[in-house]
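Step one of this worksheet: look at the structure below.
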Amino acid sequence: MTSAVSLQQVSRHFGPIRAMDAVDLEIAPGEFFAMLGPSGSGKTTCLRVIAGFEQPTAGHIEIFGETAEGVPPYRRNVNTVFQDYALFPHLNVLDNVAYSLMLRKVDKAERHRQAEDALAMVKLSGYGARRPGQLSGGQRQRVALARAIVNRPKVLLLDEPLGALDLKLRESMQEELKSLQRSLGITFIFVTHDQGEALSMADRVAVFSDGKVMQVGTPEEIYNRPNSRFVADFVGSSNLLPPDFTATITGQRAWASLRPEAIHITPSDGAAMQGRVTARSFMGSTVRLGLYVNGASLHAVVPASGNSANVDDMVGVLFAPEALHLMERET
Amino acid sequence: MSSETRAPWPLKLASAAGLAFLLVPLLIIFVYAFTTEERSFVWPPPGLTLKWFAVAWGRTDLWSALTLSVQVASISTLIALILGTLCAAAVSQTQFFGRETISLLVILPIALPGIITGMALRSAFSIADIPFSFWTIVLGHATFCVVVVYNNAVARFRRTSGSLIEASMDLGADGFQTFRHVILPNIGTALLAGGMLAFALSFDEVIVTTFTAGQQQTLPLWMLEELIRPRQRPVTNVVAMVVVLVTTLPMLLAFYLTRDGDQIAGSGK
């Protein structure tokens with residue numbers, strides 16, 4: 001099957017800076033795809049290359065099988081929701097949404113009808129006559145969304161779509177974006193630096209670092225089986241175990257990750273592996289323990305009931321060897 | 001805050017004196033347009049009459065000077081609008097080597113004394129063997145008109161979010177459509193204001209014109225000559241009144257248009 005977006009060895013260099021360095025990505029039609037990474041990792045450049053605002057220095061891009069290099073943004077069937085929304089301040093909401101239809105010479109009544117439909121999809125019916133300046137941040141984002149989907153693009157790009165919203169709004173918007181994507185069936189590609197957002201919303205996630213794609217996979221794969229220290233560290237909450245530690249358990253010298261939930265605490269008597277509790281915080285149904293084991297610092301999340309380990313207690317530390325995930329990459 | 005505290009009376013007196021110092025001479029000019037004394041300015045005017053308006057209306061030399069001035073101002077303003085906008089777009093929307101220098105060089109003609117600009121242009125014209133004509137005046141005026149348009153446009157461009165242009169392209173507009181549907185509506189009032197200021201500046205310019213005109217007489221040059229060789233002196237005052245009105249109205253309008261510009265250009269964020 002043809003990929004919705006296919007990047008083959010795509011690089012984008014700005015002088016000596018390699019914003020994107022030989023990136024390979026295959027994004028399937030109808031997929032909700034996240035590009036995750038810290039700022040400066042190249043994820044936004046990647047989005048801009050797909051949108052056509054940046055031309056790749058090297059490599060090949062296809063959008064639904066068609067070569068995209070040299071095709072200007074206005075001839076790509078790809079629309080963008082900008083981070084600052086980029087609503088046209090001189091037009092009212094309805095005309096903002098109808099802008100692309102106006103360019104395609106759709107007659108006024110028809111384009112206003114379609115724009116109203118798009119506004120209804122983002123739950124902003126009746127706001128058509130307002131100016132962007134009169135709307136709240138969340139409402140502006142919805143207008144930007146409506147403007148980008150009114151044309152039914154094949155791919156929708158979202159640049160940090162929830163970045164400027166407050167926590168509560170962000171959570172409800174996550175749900176809405178998901179259901180919007182399901183009902184439209186459009187490929188969504190969104191850029192975020194928030195790993196929680198990427199893991200909870202996306203079908204697949206690409207983790208970027210220094211212009212390179214470190215790992216592509218489902219949220220479960222990224223979370224449970226990070227392929228590198230960077231991914232494990234950035235996606236967060238996993239224990240990172242140094243090669244010396246791993247070697248004592250598996251006999252293989254490699255960095256490994258271990259999820260905190262996989263660790264069990266036993267009485268120290270007769271335990272194969274012992275550790276000292278360095279921190280304890282009560283989280284409600286669970287307790288988060290800091291452990292010092294064989295020269296490595298770990299943290300474990302264990303059920304709160306029946307757990308009485310205190311700071312400086314010696315405890316037995318138990319986990320299944322297969323819970324230890326060895327990483328292919330060095331960094 | 002400041003509207004609630006009342007200014008003390010010495011300050012009020014000083015402001016009144018300052019305003020009077022600026023405006024009373026203008027009023028005297030206006031009054032002399034109605035005097036019955038033809039050869040010299042006598043205060044108080046021996047009598048009042050409206051006949052100089054009719055006389056001014058009938059003077060063909062006045063009409064040709066006025067026509068020339070309007071033409072020069074219109075064409076200089078047009079040139080300034082095109083060049084000033086392009087330059088402002090380049091300086092504010094892109095990064096290139098020497099950008100700051102160009103920005104400074106564009107503004108320079110308005111900082112330079114007119115007499116320097118005039119002499120420079122005059123010697124440049126004679127070196128290049130260009131005969132003085134209507135077009136040399138236009139060229140001279142365009143040098144400072146560009147600055148006014150540029151300054152207005154660049155300020156507005158800086159407040160207009162760059163992603164608006166990308167958004168427009170993204171939604172299917174090519175460069176020309178983006179200019180027509182997004183850029184122009186956003187900088188339109190700034191251009192109108194800049195254009196009006198440029199027109200007003202050109203309309204009453206004397207120094208650069210003196211150096212760049214051949215036989216042509218723009219309205220300010222005509223007035224200058226009238227003052228030196230008086231013939232129906234109050235006609236000059238009639239013209240002065242008209243010039244004040246013609247240049248003040250666009251200035252006021254320009255001020256009004258740019259006053260609440262923030263609301264037009266800054267709300268995209």
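Letters go in sequence order (proteins before strands), and every chain restarts at 1.
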| field | Distance-only donor-acceptor check, side chains A:Thr187 and A:Glu31, under 3.5 Å | value |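 Side-chain D/A pair, A:Thr187 to A:Glu31: absent.
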
Given a strict heavy-atom distance threshold of 4.5 Å, which part of [X] is in contact with chain B: side chain, backbone, both, or neither?
X	answer
A:Phe53	side chain
A:Arg75	neither
A:Val78	backbone

| field | Criterion side chain to side chain donor-acceptor pair (under 3.5 Å) on A:Arg18 and A:Thr57, from CA distance to verdict | value | CA-CA 10 Å; A:Arg18 291 161 180 250; A:Thr57 315; over 6 Å; no

| Who wins among A:Arg131, A:Met102, A:Arg76 for the most heavy-atom pairs under 4.5 Å with chain B? |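 Maximum pair count with chain B is reached by A:Met102.
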
| field | A:Arg142 to A:Tyr127 six-membered ring, cation-pi geometry met (6.0 Å, 45°) | value | no

| said: Students often mix this up, so state it plainly: with edges at 30° and 60°, are the rings of A:Tyr99 and B:His181 parallel, tilted or perpendicular? | reply: perpendicular

